[in-house]
Amino acid sequence: MEQTNGTHNSSRKYLVRVQSDKVTYNNDVIQADYEYQTTRVTTQGETIVATPVSTNYQFQTKRHVPRTGLMLVGWGGNNGSTLTAALLANKHHLSWNTKEGVKDANLFGSITQSSTVPLGDEVYVPLNSLLPMVDPCDLELDGWDISGLDLAGAMNRAKVLEWQLQQQLVQEMSKMKPRPAAHIPGFVASNQETRVDNVITGNRQSMVEQLRKDIAEFKASRQLETVIVIWTANTERFAEIREGVNDTAANLLAAIRANHSEIAPSTLYAVASILEGCTYINGSPQNTFVPGCVELAEKHSTFLGGDDFKSGQTKLKSVLVDFLVSAGIKPASIVSYNHLGNNDGKNLSDPMQFRSKEISKSNVVDDMVGSNHILYQPGEKPDHCVVIKYVPYVGDSKRAMDEYMSEIMLGGHNTIVVHNTCEDSLLAAPLILDLALVAELCERITVAKRDASGTSEHQPLRSVLSILSYMCKAPQVPKGAPVVNALFKQKACIENVLRACIGLAPSNHMLLEHMVRFPLAKDAAKSASSNGCISLGH
Ligand SMILES: NC(=O)c1ccc[n+]([C@@H]2O[C@H](COP(=O)([O-])OP(=O)(O)OC[C@H]3O[C@@H](n4cnc5c(N)ncnc54)[C@H](O)[C@@H]3O)[C@@H](O)[C@H]2O)c1
Ligand SMILES: O=P([O-])([O-])O[C@@H]1[C@@H](O)[C@H](O)[C@@H](O)[C@H](O)[C@@H]1O
């Protein structure tokens with residue numbers, strides 16, 4: 001492993017270096033020749049035929065980590081202010097007293113900062129040691145909010161963080177002020193109107209133009225090389241998909257110029273980001289990415305990702321249902337209730353906004369249920385009920401209660417009941433960070449195809465970043481790609497794509513070397529550590 005200069009919560013950061021004739025590290029890129037192995041499945045009468053298919057790619061990942069800006073839509077919200085505080089607390093290595101003793105800043109809940117991956121020989125390394133990634137504390141932050149309250153006030157309003165921590169951040173965060181927002185009444189709940197005191201005036205076209213100026217000004221003033229825009233504002237109602245309005249890129253731009261009433265604020269931010277060459281990620285469940293928006297991103301070769309941060313109750317559901325179904329146990333009834341008292345909960349107390357969330361929270365089991373035709377007849381699904389209630393007193397401390405009732409052998413039943421309480425924003429903030437950092441890494445990856453005729457021109461990844469699915473309840477995927485919600489398949493996707501970028505085969509957990517009577521290939525290096533973890537000098 002190479003040592004690099006880490007700037008936060010550890011004096012040193014390490015990077016894995018692969019020794020292989022298929023991987024080269026030059027000044028500009030890490031280049032890896034990679035054999036991608038899949039299986040084509042066809043049927044011949046009663047026979048299912050599986051044919052191994054091997055495709056040769058070449059990955060290149062730029063080694064230079066750019067000065068990166070993150071612009072949050074809804075910066076003054078619970079998630080936005082909490083993420084801002086978390087990054088500053090880590091940057092300044094803050095500690096604070098609580099009734100349970102002294103707490104130190106960390107980034108738990110972020111897979112890029114706090115998770116490890118198996119490298120080989122049962123040695124685990126930090127996920128962010130596989131490829132050069134942005135150091136969170138180097139991120140420049142900015143954003144918009146319909147509420148003009150500065151970030152210190154927003155942090156106080158959110159009531160998420162201990163007072164002793166807040167006090168250490170007030171001076172720096174009070175200087176951070178959200179930019180005037182693109183707001184059109186009728187998309188978020190009407191109960192949000194009391195917050196509105198910081199908006200761009202004018203029609204949809206002038207809003208897009210102002211948002212573009214904001215992005216360009218932020219980028220220039222901080223000497224940034226790339227900017228990523230993430231929506232962590234309130235959940236909007238779904239927009240109707242209308243032919244001639246938002247079905248193509250040209251129609252969408254024309255509809256914005258015509259100030260068409262069905263174009264949502266979130267789509268205005270997305271269009272502005274695309275036109276400024278920026279990645280745009282949707283952390284809420286509304287259908288921001290109308291077909292015209294996706295087409296516009298593809299035309300401009302920018303990235304999109306989303307929808308709806310997968311932070312708590314749904315994240316656990318995408319593990320539990322995967323466990324049950326893959327164990328041959330049949331979930332028959334899933335009831336997910338939660339209540340919370342933050343502003344997000346207030347916004348969701350309106351039926352139109354709740355409907356957006358209900359959809360994203362309900363579809364999360366479809367892939368797992370659809371994978372097992374032994375348990376489920378075609379089209380058969382478990383009963384699935386989602387309830388969200390707004391209870392102001394509990395604030396950001398979301399209380400989730402779930403009941404999973406499954407059919408087991410010989411008419412038996414297994415009922416699993418879960419009670420899950422958490423500060424909602426402390427689970428979502430690290431996801432926002434991971435979305436930004438993985439998306440930024442994707443901006444530096446290109447792929448070429450290798451065959452007998454040579455190596456093709458290198459191309460960026462497809463515009464819709466399905467690799468971000470792990471962080472999302474309702475993953476956006478490229479046209480024709482399957483939607484995967486099972487959490488550990490989603491995590492494996494991220495790990496194995498990063499492994500492919502450095503020429504390593506996917507983790508397969510077979511441990512075949514311990515099953516067969518033949519030793520590994522002669523050049524297998526001796527295990528780097530006896531206990532499975534390399535000490536990274538933290
Ligand atoms: N665990 C979580 O917190 C979690 C999980 C999944 C999804 N989400 C989603 O993330 C979003 C934010 O959650 P939160 O708890 O921070 O909510 P919040 O209400 O505290 O913050 C949202 C912010 O967006 C601002 N806003 C509303 N419309 C805007 C616009 N058009 N432009 C700019 N700003 C606007 C509001 O003033 C508010 O400050 C919500 O949509 C929520 O559903 C949150
Ligand atoms: O991620 P998750 O815990 O399943 O879902 C959460 C909901 O339960 C909660 O009511 C809502 O306010 C959050 O935005 C989040 O969507």
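When a ligand or atom number is given, it counts from 1 through the structure's own listing order. Quick note: numbers below take in every heavy atom, side chains included, and nothing from hydrogens, waters or symmetry partners.
Scanning the protein for heavy atoms near atom 38 (C) of ligand 1, the closest one is Arg195 NH2, 3.3 Å. For atom 36 (C) of ligand 1, the nearest non-hydrogen atom of the protein is Asn234 OD1, 3.3 Å. With respect to atom 37 (O) of ligand 1, the closest heavy atom belonging to the protein is Asp145 OD1, 2.6 Å. For atom 21 (O) of ligand 1, the closest heavy atom belonging to the protein is Gly77 CA, 3.1 Å.
Looking at Arg399, Lys398, Lys317, it is Lys398 that brings a heavy atom closest to atom 6 (C) of ligand 2.
Under 4.0 angstrom from ligand 2, the non-hydrogen atoms of Leu340 all belong to its side chain. Residue contacts with ligand 1, taken as heavy atom pairs separated by less than 4.0 Å, involve Ala182 solely via the backbone atoms N, CA, C and O. Proximity of Asn347 to ligand 1, defined as any heavy-atom pair under 4.0 Å, is not found for any part of the residue. At a heavy-atom distance under 4.0 Å, only side-chain atoms of Lys473, from C-beta outward, approach ligand 1. When heavy-atom distances to ligand 1 are checked against a 4.0 Å cut-off, Lys346 has no atom that comes that close, whether in backbone or side chain. Of all the heavy atoms of Ile388, the ones lying under 4.0 Å from any atom of ligand 2 belong exclusively to the side chain. Under 4.0 angstrom from ligand 2, there are no non-hydrogen atoms of Leu427. Both the backbone and the side chain of Ala233 come within 4.0 Å of ligand 1, counting heavy atoms alone. Of the heavy atoms in Phe187, none comes closer than 4.0 Å to ligand 1.
Under the 3.5 Å distance criterion, with hydrogens and angles disregarded, no donor-acceptor pair is assigned to the side chains of Arg157 and Ser81. The closest side-chain donor-acceptor pair between Asn343 and Gln192 falls under 3.5 angstrom. For the residue pair His183 / Glu193, a side-chain donor-acceptor distance below 3.5 Å is found, with atom types taken as modelled. Side-chain contact, Asp396 with Ser425: a donor N or O sits under 3.5 Å from an acceptor N or O. Side-chain atoms of Lys103 and Ser95 include no donor-acceptor pair closer than 3.5 Å. Between the side chains of Gln313 and Asn420, no donor N or O sits under 3.5 Å from an acceptor N or O.
Interface of Gly312 with ligand 2, defined as ligand atoms under 4.0 Å from a residue heavy atom, comprises 1 (O), 2 (P), 3 (O). Those atoms of ligand 1 with a heavy atom of Gly74 less than 4.0 angstrom away are 23 (C), 24 (O), 25 (C), 33 (C), 34 (N). Those atoms of ligand 1 that come under 4.0 Å of a heavy atom in Ala181, given as number and element, are 32 (N), 33 (C).
Considering backbone and side-chain atoms together, Asn78 places an N or O closer than 3.5 Å to an N or O of ligand 1. For ligand 1, the polar-atom distance check against Asp344 finds a nitrogen or oxygen pair separated by under 3.5 Å. Checked against a 3.5 angstrom limit, the closest N/O atoms of Thr235 and ligand 1 fall inside it. Polar contact check, Ser147 against ligand 1: no nitrogen or oxygen pair lies under 3.5 Å apart. Residue Lys473 has at least one nitrogen or oxygen atom sitting less than 3.5 Å from a nitrogen or oxygen atom of ligand 2, judged on distance alone. The shortest N or O to N or O distance between Asn79 and ligand 1 is below 3.5 Å. Taking any N or O of Asp308, backbone or side chain, none lies under 3.5 Å from an N or O belonging to ligand 2. In terms of N/O distances under 3.5 Å, ligand 1 is approached by Tyr269. An N or O contact shorter than 3.5 Å is missing between Lys310 and ligand 2 by distance.
Annotation: side chain of Tyr404 is in contact with side chain of Lys317 (closest heavy-atom distance under 4.5 Å).
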Just do the side-chain contact (heavy atoms from CB on, under 4.5 Å) check on Asn338 and Lys361 with the steps written out, would you?
CA-CA 12 Å; Asn338 78 74; Lys361 285 175 73 81; 3.9 Å; yes
Evaluate Trp231 against Tyr280 for ring-ring contact (aromatic ring centres under 6.0 Å, His included), listing each step before the verdict.
CA-CA 8 Å; Trp231 172 281; Tyr280 185 86; 7.4 Å; no
Passes side-chain contact (heavy atoms from CB on, under 4.5 Å), Gln113 versus Leu433? Steps please.
CA-CA 9 Å; Gln113 307 307 308; Leu433 175 63; 4.0 Å; yes
Apply side chain to side chain donor-acceptor pair (under 3.5 Å) to the pair Asp402 and Ser336, showing each step before the final yes or no.
CA-CA 5 Å; Asp402 291 80; Ser336 295; 2.6 Å; yes
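Taking 4.0 Å as the cut-off between side-chain N and carboxylate O, Arg67 and Glu140 count as a salt-bridged pair. The residues Arg179 and Asp142 are annotated as salt-bridged, a charged nitrogen and a carboxylate oxygen being separated by less than 4.0 angstrom.
A cation-pi contact, defined as under 6.0 Å to the ring centre and within 45° of the axis, is absent between Lys389 and Tyr337.
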